[in-house]
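First the structure, in the form of structure tokens, and then the observations on it.
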Amino acid sequence: MKRRTTQITAKSNITSYVEINLTVLKHNAALLKERVPDGIKTMAVVKANAYGHGAALVAHALSGSVTALGVASVEEAINIRNSGVILPILVFAPPRAGNISDYKTYNLVATVGSFYELELMSSSMSFHIEFDTGMGRLGFSPNEWPELLQKLNKSELKPSGVMTHFATADAPGSDKVNVQLQLFNKLLEDMGSWKQGKVIHASNSGGLLYYPEAAFSMVRFGIAVYGFSPSAVESISGLKPVLSWKSCVSVCKPLKKGETVSYEANWSAPQDGWLVVVPVGYADGIRRGLSNKIEMSVAGKRLKQVGNITMDYTMLYSNEPVETGEEVVILGENAMMADEWAELLDTIPYEILCGIHPKIERRPVS
Ligand SMILES: *Cc1c(COP(=O)(O)O)cnc(C)c1O
């Protein structure tokens, strides 16, 4: 067998790395932009380390493709700003007295969803007002609009946007989205000319793809730009996964028929074969619940994962020996994709992607 050295064997202290395909990322962004009417702004959501893809990396790669970035926290925003990104950054988390100075220092846009948060704003700050039209999380109740308008009129504050967030836009044809849309449209009507010049936004990926009438003046896409359809039922053709997770064979040794593998000894070899040990486990983000259910690819060939996944190691079964150092694809082309893992775990690809430990290097490829 021809020996192939992986990029890992050169660096002995690295057990796996994540490849981020920037060409695919930009392709997805372009495909999403084609789906919104001309003149509508686009925000790439890069919270949770850009859904595990590397926030600064993704922010830079998309800088020429989107009008703004969205993050969960001030900390995430600072990290992106410090990497040299100059796009507007909207922070979804409620501002707090302790971080107002960061909004100013790093030129961040706040999301204000309560009267307490409003009081933290000053005339020099940029902020959007969030309404809870049915998400059941953050934001003013639409009923609070008259009081909010009164307070704004008495102040020097200048909100630059109005937003809401859908609870069920990942499902096409949801009644709940339509109820939220009606509430939001009614609110915008009540605002009359007040809303002029402000950026108005509601849609996440699901909203953008399944409810084109809800684009308003900006859409906020996350999961779709990373290549996954918000709905497993109605997948969007053309979107491609951006991330691959790779490792290498740590050890390969013979396994006799009947020998068991790993904790709890719940799997035994059906015949003589080979045990392939991959130095990545649930501490890295391969969820233990996937034990005995997945496949990985070694030198382009799919192998069954066997035995319980352990903290730092995962085992595969092979009919033939493989070389130490041979490339293993954990997630990505030739192996399984994050949405397949999600289905096995009864969760969504978001949780798989952002569960890949941040300690693992993200490497751009194009
Ligand atoms: C996470 C998030 C998004 C993006 O959602 P996707 O389903 O990944 O497109 C948009 N808006 C807000 C407020 C969010 O928290």
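What you are looking at is a predicted structure, and each value in this text was computed from that prediction instead of being measured. Each ligand, and each atom within it, is numbered from 1 in the order the structure gives.
Each of the atoms 15 (O) of ligand 1 lies under 4.0 Å from some heavy atom of R137. Which parts of ligand 1 touch K47 is read off a 4.0 Å heavy-atom cut-off, strictly below it: atoms 1 (C), 2 (C), 3 (C), 14 (C), 15 (O). Every atom of ligand 1 with a heavy atom of S205 under 4.0 Å away is listed here by number and element: 6 (P), 9 (O). Close approach to Y51 involves these atoms of ligand 1, each under 4.0 Å from a residue heavy atom: 1 (C), 4 (C), 5 (O), 6 (P), 8 (O).
For the pair K151 and F115, the distance from NZ or CZ to the six-membered ring centre is under 6.0 Å and the angle to the ring normal is within 45 degrees. Seen from the ring of Y106, R81 does not count as a face-on cation partner, given the 6.0 Å and 45° thresholds.
Remark: minimum distance from atom 12 (C) of ligand 1 to any protein heavy atom is reached at H165 CE1, 3.4 Å. When only non-hydrogen protein atoms are considered, atom 7 (O) of ligand 1 lies nearest to Y350 OH, 2.6 Å. The shortest contact between atom 11 (N) of ligand 1 and any protein heavy atom is with R220 NE, 2.8 Å.
In summary, K253 and E259 do not engage in a salt bridge, as defined by a charged side-chain N under 4.0 Å from a carboxylate O. Between K246 and E19, at least one side-chain N (NZ, or NE/NH1/NH2) sits under 4.0 Å from a carboxylate O, which counts as a salt bridge. Salt-bridge annotation for R288 and E264: present, with a side-chain N of the basic residue lying under 4.0 Å from a carboxylate O of the acidic one.
Taking the six-membered ring for Trp and the full ring otherwise, the centers of F127 and Y103 sit at least 6.0 Å from each other.
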Evaluate ring-ring contact (aromatic ring centres under 6.0 Å, His included) for F184 paired with F216, printing each intermediate quantity in order.
CA-CA 11 Å; F184 195 52; F216 299 100; 5.2 Å; yes

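Of all the heavy atoms of V45, the ones lying under 4.0 Å from any atom of ligand 1 belong exclusively to the side chain.
Residues M135 and L138 are members of separate hydrophobic clusters, defined by side-chain heavy-atom contacts under 4.5 angstrom among Ile, Leu, Val, Met, Phe, Trp and Tyr.
In this structure, H201 falls outside the shell of residues with a heavy atom less than 4.0 angstrom from ligand 1.
The distance criterion of under 3.5 Å between nitrogen or oxygen atoms is not met by A224 with respect to ligand 1. Between G206 and ligand 1, not a single N/O pair is under 3.5 Å apart.
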